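Being a predicted model, the structure only gives us computed values, none of them experimental. Throughout, protein chains are lettered first and strands after them, A, B, ... in sequence-line order, and every chain is numbered starting at 1.
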There are 2 protein chains.
Amino acid sequence: MSEATPTTRDGSASARIAEAVRRAILSGEYQPGERIVQEELAERHGGSRIPVREALRQLESEGLVRLVANTGAWVQSLTMGQCSEVYQTRERLEPLLLRHSAEHLTDEVIQSLDGLAQRMENSQDLEEFLELDRQFHFTTYRAEGTHVLRDLVTRLWNTTQPYRRAYTGLVDAEHMRIFHDDHHMLVSALRDGDMKLAEQIVAIHIRRTRVNLERHPEIFPHTTPDQE
Amino acid sequence: MSEATPTTRDGSASARIAEAVRRAILSGEYQPGERIVQEELAERHGGSRIPVREALRQLESEGLVRLVANTGAWVQSLTMGQCSEVYQTRERLEPLLLRHSAEHLTDEVIQSLDGLAQRMENSQDLEEFLELDRQFHFTTYRAEGTHVLRDLVTRLWNTTQPYRRAYTGLVDAEHMRIFHDDHHMLVSALRDGDMKLAEQIVAIHIRRTRVNLERHPEIFPHTTPDQE
DNA sequence: ACAGGTCATAATGGATGCAATCAGTCCACT
DNA sequence: AGTGGACTGATTGCATCCATTATGACCTGT
């Protein structure tokens, strides 16, 4: 947005554009199903369409964008089934990632987790809430040297972010209470060094969210039957 | 062999080139750490560098290629730790994928699994063996409508293929016997409809392979310490 | 009025050409 | 002889231009 500087200096333009579009999708600025026009992006970033196209290819591989040859690009939209699949995948992977992170969860880190959980309870803004939630969980995923798994989990979060946003907007007080309790229980388990319990809590937390999501099919527009 | 590609269905040049390079990496024609020159690829496919660059971006996102700005592209090489990580991920995901595939595993499919397992035991050629192994497992991953998880697993297989090749080349007769037994046990469990057991077998099968891989650090050259 | 077909517009896909950057080599200097 | 720096060849990054394709409007015919 404020990146109007036409510097050819730092990293490549395609990387910058990919980053910008990714952020726009995650922030809700672009919504699932929305058309992405190459030239518009090129103009916005002060370049030609070449780096834009490379960025879109990359985002397609990340699952954030859908490309159709000779036709165009759209922000990827998921069916409820696909979204559920991602959550089932997360349910299996994030406990594993948490386990690998165990040794890096110092008292200091756990302290900041406590702070994040508190701020979430006080948060009134949807976007802030989503950001805090993400920060909270990824703070527990500190595994160093293991980039593969964390990058994978990051992508899974990214592709489902629009639906997490939509769902969070209409969750009731009771479920929100449970949501926060999960977080506090997770912090307690980590503080006690009970990783076995911590893994279970994460898995249940993700599963609970998935089940709740599946109760809101209205979040997933069934407009595009052919989704590849 | 035609089922192993997660690419889009369009026939654009960049998709074709990505497919070709992917296949070259999986077949061992390109080896980890090997330099990839854009112009060479462009010439080989009778085009310009533009689609080549898009293909490389895509392959980078898939974890098969490593790009460095203004410098070049290399076939991605993994450390033993990263490879192990992928196997741990597979150990969690493939049982889940298998479970989702249960309803599609008809008698006919199980019959073909039996055939594949047999052909593997008789196979003397390394490349054929690898291909049959891949076909065997992906034949069990028939989940329809669930493309997310299967594509993910496909990518995990792809990124570790070179090391699977290197390892398979120096496995002894005893381990090979166990390897085949796993396959036969899996077919039996599927034939009995005992999905719980089948999931366990797959998990153990993957774990066993990982542990064996970790006994062969010589497969992983430690030449590139800075791996992003 | 509706169905079918034709054409114009717009957006994408790709080729060529030029500027920027990196790697290796050679040379000067200590 | 070893070290540091400039130069050159090679390669990547990007912009401009042209070809191709899809989409939607318009028109014609029934």
Side-chain angles (χ1 to χ4, degrees), chain A residues 3-22 24-25 30 33-61 64-77 223-228, chain B residues 7-22 24-25 30 33-61 64-77 223-228:
Chain A
E3 292 288 328
T5 56
T7 69
T8 62
R9 181 63 200 89
D10 60 329
S12 64
S14 65
R16 275 207 329 268
I17 295 173
E19 172 64 25
V21 175
R22 188 184 301 114
I25 293 175
Y30 282 146
E34 192 172 336
R35 174 73 185 271
I36 299 176
V37 179
Q38 295 179 4
E39 192 137 13
E40 179 198 341
L41 269 180
E43 193 171 359
R44 183 183 307 185
H45 294 277
S48 79
R49 283 167 37 224
I50 298 295
V52 171
R53 288 173 49 177
E54 292 178 14
L56 291 178
R57 285 276 173 204
Q58 183 179 339
L59 294 172
E60 183 196 26
S61 264
L64 289 175
V65 161
R66 177 164 167 252
L67 289 179
V68 179
N70 290 316
T71 304
W74 288 264
V75 177
Q76 181 67 283
S77 64
T223 50
T224 55
D226 57 344
Q227 192 78 309
E228 161 88 10
Chain B
T7 67
T8 56
R9 65 184 184 283
D10 63 14
S12 64
S14 64
R16 274 208 332 269
I17 295 173
E19 171 65 25
V21 175
R22 187 184 303 112
I25 293 174
Y30 282 145
E34 192 172 336
R35 173 74 183 272
I36 299 176
V37 179
Q38 294 179 6
E39 192 136 12
E40 178 199 342
L41 269 180
E43 193 170 0
R44 183 183 308 186
H45 290 90
S48 78
R49 282 166 38 223
I50 298 295
V52 170
R53 290 168 55 91
E54 292 178 15
L56 291 178
R57 286 275 172 208
Q58 182 180 339
L59 294 172
E60 182 193 27
S61 262
L64 289 176
V65 161
R66 179 163 166 250
L67 289 179
V68 178
N70 288 317
T71 303
W74 288 264
V75 177
Q76 182 68 282
S77 62
T223 50
T224 56
D226 57 342
Q227 192 81 306
E228 163 157 2

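Under the 4.0 Å criterion applied to side-chain N and carboxylate O atoms, A:R22 and A:E19 are assigned as salt-bridge partners. At a threshold of 4.0 Å, the pair B:R53-A:E54 counts as salt-bridged, since one of the basic side-chain nitrogens sits closer than that to a carboxylate oxygen.
The separation between B:E39 atom CD and C:dA15 atom P is 12 Å, rounded to whole Å. To the nearest angstrom, P of C:dT12 lies 10 Å from CD1 of A:I36. Rounded to an integer number of Å, the gap from CD of B:E43 to P of C:dG14 is 18 Å. A:E54 places its CD atom 7 Å from the P atom of D:dG13, with the value rounded to the nearest Å. A straight line from CG of B:L56 to P of D:dC14 spans 14 Å, rounded to a whole angstrom.
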Fill in: B:I17 and B:H45: CA distance, side-chain angles, deciding distance, side-chain contact (heavy atoms from CB on, under 4.5 Å) verdict
CA-CA 7 Å; B:I17 295 173; B:H45 290 90; 3.9 Å; yes

Item to complete: For the pair B:R49 and B:Q38, evaluate side-chain hydrogen bond (donor to acceptor under 3.5 Å, both in side chains) and give the outcome as yes or no after the intermediate values.
Response: CA-CA 6 Å; B:R49 282 166 38 223; B:Q38 294 179 6; 3.1 Å; yes

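A:I17 comes within contact range of no nucleotide atom at all, as no heavy-atom separation falls under 4.0 Å.
Taking CG of B:L64 as the reference point, atom CD1 of B:I36 lies at 9.0 Å (rounded to 0.5 Å).
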Polar pairs (N or O, both sides) under 3.5 Å between protein and nucleotides 15-22 of chain D?
unit_1, atom_1, unit_2, atom_2, d
D:dA15, OP2, A:S48, N, 2.7
D:dA15, OP2, A:S48, OG, 2.7

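For the OP1/OP2 pair of C:dT12 and a distance below 4.0 Å, the side-chain nitrogens and oxygens of A:R35 include at least one atom meeting the criterion. Considering only side-chain N and O atoms, A:Q38 lies under 4.0 angstrom from the phosphate OP1 or OP2 of C:dG13. Look at B:R53 and you won't find any side-chain N or O under 4.0 angstrom from OP1 or OP2 of C:dG13.
The backbone N or O of A:S12 sits nowhere less than 3.5 Å from a side-chain atom of A:S14 that would complete a donor-acceptor pair.
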